[in-house]
Peer 1: 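This is the structure, below, for whatever I ask next.
The figures here come from the full heavy-atom set of this structure, side chains too, leaving out hydrogens, waters and symmetry mates.
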Amino acid sequence: MDTRSRPYRSVLYIPGSNGRALEKVKTLPVDAIIFDLEDAVSVGEKINARNLLQASLRGGGFGARMRIVRINGFDTIWGKEDAEAASEMDCDAVLLPKVESAAQVSAMAELVGNKPIWAMMETPRGMLNAAEIAAHPQIAGMVIGTNDLAKELQSRFRPDRMPMMTGLGLCLLAAKAEGIVIVDGVYNAFKDADGLAAECEQGRDMGFDGKSLIHPAQVDVANAAFAPSEEEISLARRQIDAFEEVEANGQGIAVVDGRIVENLHVATAREILAKAQVIETLQAG
């Protein structure tokens, strides 16, 4: 499935140590799952979580959901063994926390083989090096760690997220330049649906592919925000029809709703329709 048409609207963190959650997520309408062996697992449960997750993934039942395993960092006693275990897990990608250089990605690649690697972008140095990280041949996606970034920046949490806009922008530019997936950070107030919707809308408008989530209650809001709207789908169809009509008459520019439609607009319109079709198929399944 093409990266730009596959949906990553909702990317839910699930603790690798929670057997009940590992089963429940199989029933949730999420596009991707981050099976977490890092922050969501206590020190005493690290090895048990790794073994439980390995068995759970082997058992299957996750359908078309993207399966991403977040390991502990290589600066911990669990990181290397997590990576080696993940290389044999039935997952689609391995997520490395606090990535700050392409060299760290290369070290990860030596342990996970050909598995696609995703990078947690959550430190100032990581964001300053976002371009080299995104350009690594094994990197397939980035996830923003906004909580850790705020801590490192010593910034205040604001609804407009202005203190971290430079970092978010650097990562977005890097991801889009390389054509990889980029997922926005979490929204901590999981009972605040309106606040989540506003942050999802901001992230979608910026160009993020989806939102990382900490609670199942957030899934529907993220799915709605990052899916093409009915208005966008209708406009995309009309743009394509209008452009094909003028093209058939030997012209290269159409007008829809008083706005110019060129090749680049048609390419975007086709991407919107392709993503909408994939989402419809997933929901039907």
Peer 1: Do I68 and C91 pass the side-chain contact (heavy atoms from CB on, under 4.5 Å) test, and can you show the C-alpha distance, the side-chain angles, and the key distance before you say yes or no?
Peer 2: CA-CA 6 Å; I68 306 161; C91 62; over 6 Å; no
Peer 1: Quick one: NZ on K211 to CG on D31, what's the gap to the nearest 0.5 Å?
Peer 2: 15.0 Å
Peer 1: Decide whether V69 and V105 are clustered together by the hydrophobic rule: side chain heavy atoms of Ile, Leu, Val, Met, Phe, Trp, Tyr closer than 4.5 Å, transitively.
Peer 2: yes
Peer 1: Is a donor on one side and an acceptor on the other found under 3.5 Å between the side chain of D209 and the backbone of I182?
Peer 2: yes
Peer 1: Would you tell me whether Y13 and D39 have side-chain atoms, one donor and one acceptor, within less than 3.5 Å of each other?
Peer 2: no
Peer 1: Taking only residues at least two apart or on different chains, which pairs with a member in residues 44-65 satisfy salt bridge (Lys or Arg N to Asp or Glu O under 4.0 Å)?
Peer 2: R50-E81, R50-D82
Peer 1: Check this for me: does any side-chain nitrogen of one of K80 and E84 sit under 4.0 Å from a carboxylate oxygen of the other?
Peer 2: yes
Peer 1: Could you give the distance from OG (S10) to CD (Q218), rounded to the nearest 0.5 Å?
Peer 2: 10.5 Å
Peer 1: So do P216 and V25 actually touch side chain to side chain, heavy atoms under 4.5 Å?
Peer 2: no
Peer 1: Give the cluster check for W78 versus I34: same hydrophobic cluster or not, with ILVMFWY residues linked at side-chain heavy-atom distances below 4.5 Å.
Peer 2: no
Peer 1: Holding to side chain to side chain contact (heavy atoms under 4.5 Å, CB included), I want the full list of residues that pass it with N129, two or more places apart in sequence or in another chain.
Peer 2: R125, E132, I133
Peer 1: If we only count heavy atoms from C-beta on, is the V261 to V255 side-chain gap below 4.5 Å?
Peer 2: no
Peer 1: Report yes if some heavy atom in the side chain of V278 is under 4.5 Å from a heavy atom in the side chain of R6; otherwise report no.
Peer 2: no
Peer 1: Determine whether L111 and L53 fall in the same hydrophobic cluster, where Ile, Leu, Val, Met, Phe, Trp and Tyr are linked whenever their side-chain heavy atoms lie under 4.5 Å apart.
Peer 2: yes
Peer 1: Donor-acceptor check, side chain of D92 to backbone of R67, threshold 3.5 angstrom: yes or no?
Peer 2: yes
Peer 1: May I ask you to decide whether R161 forms a salt bridge with D184, counting only side-chain N to carboxylate O separations under 4.0 Å?
Peer 2: yes
Peer 1: Using only atom types and a distance under 3.5 Å, with no angle test, would you say the side chain of T281 pairs donor to acceptor with the backbone of Q277?
Peer 2: yes
Peer 1: For the pair H215 and F190, name the ring-plane relationship: parallel under 30°, tilted 30 to 60°, perpendicular over 60°.
Peer 2: parallel
Peer 1: How about N114: does its CG atom have over 12 heavy atoms from other parts shown lying under 6.0 Å from it?
Peer 2: no
Peer 1: Write down the atom of A227, the atom of E232, and the distance for their closest heavy-atom approach.
Peer 2: O-OE1, 4.1 Å
Peer 1: Does any non-hydrogen side-chain atom of I71 lie less than 4.5 Å from one of E38?
Peer 2: no
Peer 1: For Y187 together with F157, are the ring centres under 6.0 Å from each other?
Peer 2: no
Peer 1: Indicate yes or no for a side-chain donor-acceptor contact from K176 to the backbone of G207 under 3.5 Å, with no hydrogens or angles considered.
Peer 2: yes
Peer 1: So how far is it from D90 CG to S56 OG, rounded to the nearest 0.5 Å?
Peer 2: 10.5 Å
Peer 1: State the CE-CG distance between M89 and L57, to the nearest 0.5 angstrom.
Peer 2: 6.5 Å
Peer 1: Can you see which heavy atom on A134 is nearest to which on E178, and at what distance?
Peer 2: O-CG, 3.4 Å
Peer 1: In Å, rounded to the nearest 0.5 Å, how long is the span from CG of L95 to OG of S212?
Peer 2: 10.0 Å
Peer 1: Before accepting this row, confirm whether a basic side-chain N of the pair K151/E122 lies closer than 4.0 Å to the acidic partner's carboxylate O.
Peer 2: no
Peer 1: Indicate the atoms forming the closest heavy-atom contact of A254 with V246, along with that distance.
Peer 2: CB-CG2, 3.9 Å
Peer 1: Look only at the side chain of Q104 and the backbone of S101, and say whether a donor-acceptor pair between them is shorter than 3.5 Å.
Peer 2: yes
Peer 1: Are the side chain of N249 and the backbone N or O of Q251 linked by a donor-acceptor pair below 3.5 Å?
Peer 2: no
Peer 1: Please check: side-chain N/O of D36 versus main-chain N/O of A40, any donor-acceptor pairing under 3.5 Å?
Peer 2: yes
Peer 1: Does any part of the side chain of Y8, heavy atoms only, come nearer than 4.5 Å to the side chain of F226, both counted from C-beta?
Peer 2: no
Peer 1: Looking at D257 and R259, does any basic side-chain N land under 4.0 Å from a carboxylate oxygen?
Peer 2: no
Peer 1: According to side chain to side chain contact (heavy atoms under 4.5 Å, CB included), who are the partners of L52, at least two apart in sequence or on a separate chain?
Peer 2: L22
Peer 1: Measure the shortest side-chain to side-chain distance between V186 and L213 over non-hydrogen atoms and say whether it is less than 4.5 angstrom.
Peer 2: no
Peer 1: Check for a donor-acceptor pair, side chain of T27 on one end and backbone N or O of K24 on the other, with a separation under 3.5 Å.
Peer 2: yes
Peer 1: Whether the E152 and T123 side chains hold a donor-acceptor pair (N or O, under 3.5 Å, no angle test) is what I'd like checked.
Peer 2: no
Peer 1: For V41, what are the other residues in its hydrophobic cluster, where any two members join if their side-chain heavy atoms are less than 4.5 angstrom apart?
Peer 2: none
Peer 1: Roughly how far, to the nearest 0.5 Å, is the NZ atom of K26 from the CD1 atom of I14?
Peer 2: 12.0 Å
Peer 1: Might you point out which heavy atoms bring K115 and A86 nearest each other, and give the distance in Å?
Peer 2: CE-O, 3.5 Å
Peer 1: Among all residues two or more places apart in sequence or in another chain, which pass the side chain to side chain contact (heavy atoms under 4.5 Å, CB included) test with Q138?
Peer 2: A109, V112, I117, H136
Peer 1: Of V94, V183, I139, which meets side-chain contact (heavy atoms from CB on, under 4.5 Å) against W118?
Peer 2: V183
Peer 1: Go through the steps to decide whether V30 and V11 satisfy the test side-chain contact (heavy atoms from CB on, under 4.5 Å), and finish with yes or no.
Peer 2: CA-CA 6 Å; V30 297; V11 183; over 6 Å; no
Peer 1: Which atom pair, heavy atoms only, marks the closest approach of I214 to N188?
Peer 2: CD1-O, 3.5 Å
Peer 1: Is there a donor-acceptor pair closer than 3.5 Å between any side-chain N or O of N223 and the backbone N or O of P29?
Peer 2: yes
Peer 1: Taking all atoms of both residues into account, what is the closest heavy-atom pair of P97 and G73, and its distance?
Peer 2: CG-N, 3.6 Å
Peer 1: By the salt bridge (Lys or Arg N to Asp or Glu O under 4.0 Å) test, which pairs, at least two apart or in different chains, include something from residues 241-255?
Peer 2: E244-R270
